[in-house]
There are 2 protein chains.
Amino acid sequence: MPHASAPRPAKRPTLADVARASGVSVALASIVLREAEGASGESRARVKQAAADLGYRPDSRARSLRSSRSRTLGLALALGEPLHAELADALYAQADQSGFEIILGATGRHRDERRVLNTLIDAGVEAVIGVFPELPAAQLVQVSKQLPVISLLRKVKGIPSVITDEAAGVEQVVSHLVQRGHTRLLHLDGGSAVSAKQRRDAFIESAARASASASGQILPAGPDEATAFAVLREYLEKMPQAERATAVLAFNDRAALGARQAIDLAGLQVPEQICLAGYDDSEFARLAHADLTSVRQDVAALAQAAMQAALNSPGASSTHAPQLVVRGSTGQRRA
Amino acid sequence: MPHASAPRPAKRPTLADVARASGVSVALASIVLREAEGASGESRARVKQAAADLGYRPDSRARSLRSSRSRTLGLALALGEPLHAELADALYAQADQSGFEIILGATGRHRDERRVLNTLIDAGVEAVIGVFPELPAAQLVQVSKQLPVISLLRKVKGIPSVITDEAAGVEQVVSHLVQRGHTRLLHLDGGSAVSAKQRRDAFIESAARASASASGQILPAGPDEATAFAVLREYLEKMPQAERATAVLAFNDRAALGARQAIDLAGLQVPEQICLAGYDDSEFARLAHADLTSVRQDVAALAQAAMQAALNSPGASSTHAPQLVVRGSTGQRRA
DNA sequence: CACTTTATCTAGAACGTTCTAGGAGACGCT
DNA sequence: AGCGTCTCCTAGAACGTTCTAGATAAAGTG
């Protein structure tokens, strides 16, 4: 059955319509609506009134085509990550303040990060802020010749990078655990996820530095529940109790949640028999059952720095201090 | 907030550059690169070669300004929702097939859905697919006069809506529980979240219909862990055991996770003493500890229908059947 | 008075595409 | 030859903005 032809959408009002309705030139209408200088109070009122009456909204494609000012920012991130969601929230707040709009691109498991980047650029954004775990630095640098590109959560040489001091975060957890008497520490790493390498390296160093008697072991896992669960489950089954780690540091809170399932399954008590720490202090960490000690990244500061870097000419890199949030999963008795 | 100008970015090559380099007119270059008819094989080769050499990529703003074909779709959703992330993944896959790009807008707790919609439209999308829990139908209808707007997961009169048959889903869970002998059922509802009302109503009806002896109670909660936890915790503390529900149906998996924490805290065994079911069959449901019976929405079908509706002139509404996924949390012994 | 200055406005050229209308040849048919 | 009809190509007008370079008139300055 042939489709009825589309009910041709009501054409949206253009600047010319507004100008005509208010009896001024297109140029003047543009001046008024841009809040630029050079229009009398009377014209201002008339044009604004007409614009409001017609429900005029400027066409950002035409605007950005002509002026390369779309007042729009591109944000690339992964959809399932709680931390990314928090960052997006904070960035939206920042953008509001600067009068910018934000559009998003989702980098996914098998979605080409380069393509996401291109899509955003094609849509006319003035700058891109993004978490690009795998995109080669060279490509990011290349693109950054066209417009500002800010790397979030990952240090990329050659472009402004806004990151958290991973070494400091891991150090805080490790020394917290060592202080509580733990000597055998285990880290479930994040595989190829962003900052996984930094945390892995920092874990080794911190463990070595913290105490002569402390030892750190690393288990290759991933940034989500599933692999952390599987990996830790196997570890707990195989490892004799005497040699078993007494504290586990997961790559992030999601992984910690998976780890917790494995621990529960093994019949171990948290924190009495084994301690567990996460990373990112996402909403998961605050769940009552998890009650997870975690490392809080300073989302607000990260967002603000990223926005600043995106808006200022040669954006500045910055590193932000994380903060350990101690909860029940590492030894405090729960209420 | 001052916006400093970027250091003169390397201007990206334009169609005119390509035309010049290959010795043809701009119009012909356009024809070739659009794969339109009317160019000789030889010109095709030359233009394509030149385009490749220069690294030309068409400017989608100019293109869409002129032709209203940006080959870009807008997708509006909430960032923290696993189901939305799954839908996005599926829609990306669909878009790939149709040669469309996707840009996202995040509807958030306090972010104006209308504004997100406008931002996407301004960026030049050809159609918008979105989960708009709160935006008044009238506004959606209004906007849909300008371009196709598809409502996902929420039935909106006047625009194509692609939804799941909530009544059927709830019915499946309820009759599953009743069959297992439960007579006192409890529903933690989703508050003002999308489809919360439908599930609430369906729960009442299903409980009444399922059995003369079955009774259903509803507790007002919300679509995430926190409120579900708090509400159920209070319920479990106050309600005498004899009157207590023996099966809980949470609004979604996240809420179920929160509910599970409350159940664990109360020292009750799942599924022996109390059964728990979620909704959406997200990755949370599959967590070993949760092992959650849940209702799977047919994400692939939803995505395909939404895409179809977006691309075809008067898009068609459709309702898709969900499927109950039985896991350990409602009575099967775990391995 | 002749002049600069200032404040307000406007025409028209951009921006990088697509699309319309048509032009130049080449070929085939009466 | 004359005429149509292909195929390939191109000039130039859109699209809806912003921006440059004036134009106009009122007001200030000597």
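If you take CG of B:Leu28 and P of D:dT7, they are 15 Å apart, rounded to a whole angstrom. In this structure, the CD atom of B:Glu37 is 15 Å from the C1' atom of D:dC9, given to the nearest Å.
Protein chain B touches strand DNA chain C; the 5'-most and 3'-most nucleotides with an atom under 4.0 angstrom of its non-hydrogen atoms are C:dG16 to C:dC19.
The 12-atom threshold is not exceeded at NZ of A:Lys197, counting heavy atoms of other residues, nucleotides or ligands nearer than 6.0 Å.
With hydrogens and angles ignored, the 3.5 Å screen pairs no side-chain donor or acceptor of A:Ser43 with any backbone N or O of A:Ala39. At least one donor-acceptor pair closer than 3.5 Å links the side chain of A:Asp112 to the backbone N or O of A:Arg114. At distances below 3.5 Å, not a single donor-acceptor pair connects side-chain atoms of A:Glu101 with backbone N or O atoms of B:Thr119. Here the side chain of B:Asn312 pairs no donor or acceptor atom with the backbone of B:Pro314 at under 3.5 angstrom. Counting only distance, with no hydrogens or angles, the side chain of A:Arg12 and the backbone of A:Pro58 share a donor-acceptor pair below 3.5 Å. Remark: the backbone N or O of A:Ser151 is not paired with any side-chain donor or acceptor of A:Ser161 at under 3.5 angstrom. Here the side chain of B:Ser67 pairs a donor or acceptor atom with the backbone of B:Arg69 at under 3.5 angstrom.
Toward the 5' end of DNA chain D, the nearer of the two residues A:Pro13 and B:Gly23, judged by each one's closest nucleotide, is B:Gly23. Residue-to-nucleotide proximity on DNA chain D shows that, of B:Ser67 and B:Ile31, the 5′-proximal contact is made by B:Ile31.
Annotation: the terminal axes of the helix from C:dC1-D:dG30 to C:dT30-D:dA1 meet at 60°, where each axis is the rotation carrying the C1' atoms of four end pairs onto the next four (5 pairs per end, rounded to 10°).
Residue A:Ser43 is classed as a sugar-phosphate contact, given heavy-atom separations below 4.0 Å to backbone atoms only. Across all strands, B:Ser30 comes closer than 4.0 Å to base atoms (heavy-atom distances). Residue B:Ala27 is in base contact, counting any heavy-atom pair closer than 4.0 Å across all strands shown.
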Close N or O pairs between protein and nucleotides 24-28 of chain D (under 3.5 Å):
none

Verdict with supporting geometry, A:Leu83 and A:Val299, side-chain contact (heavy atoms from CB on, under 4.5 Å)
CA-CA 8 Å; A:Leu83 178 64; A:Val299 170; 3.9 Å; yes

Pair B:Gln297-B:Thr164, side chain to side chain donor-acceptor pair (under 3.5 Å): steps then yes or no
CA-CA 7 Å; B:Gln297 305 204 38; B:Thr164 291; 2.6 Å; yes

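Here the straight-line distance linking atom CZ of B:Arg154 with atom CZ of B:Phe132 works out to 9.5 Å at 0.5 Å rounding.
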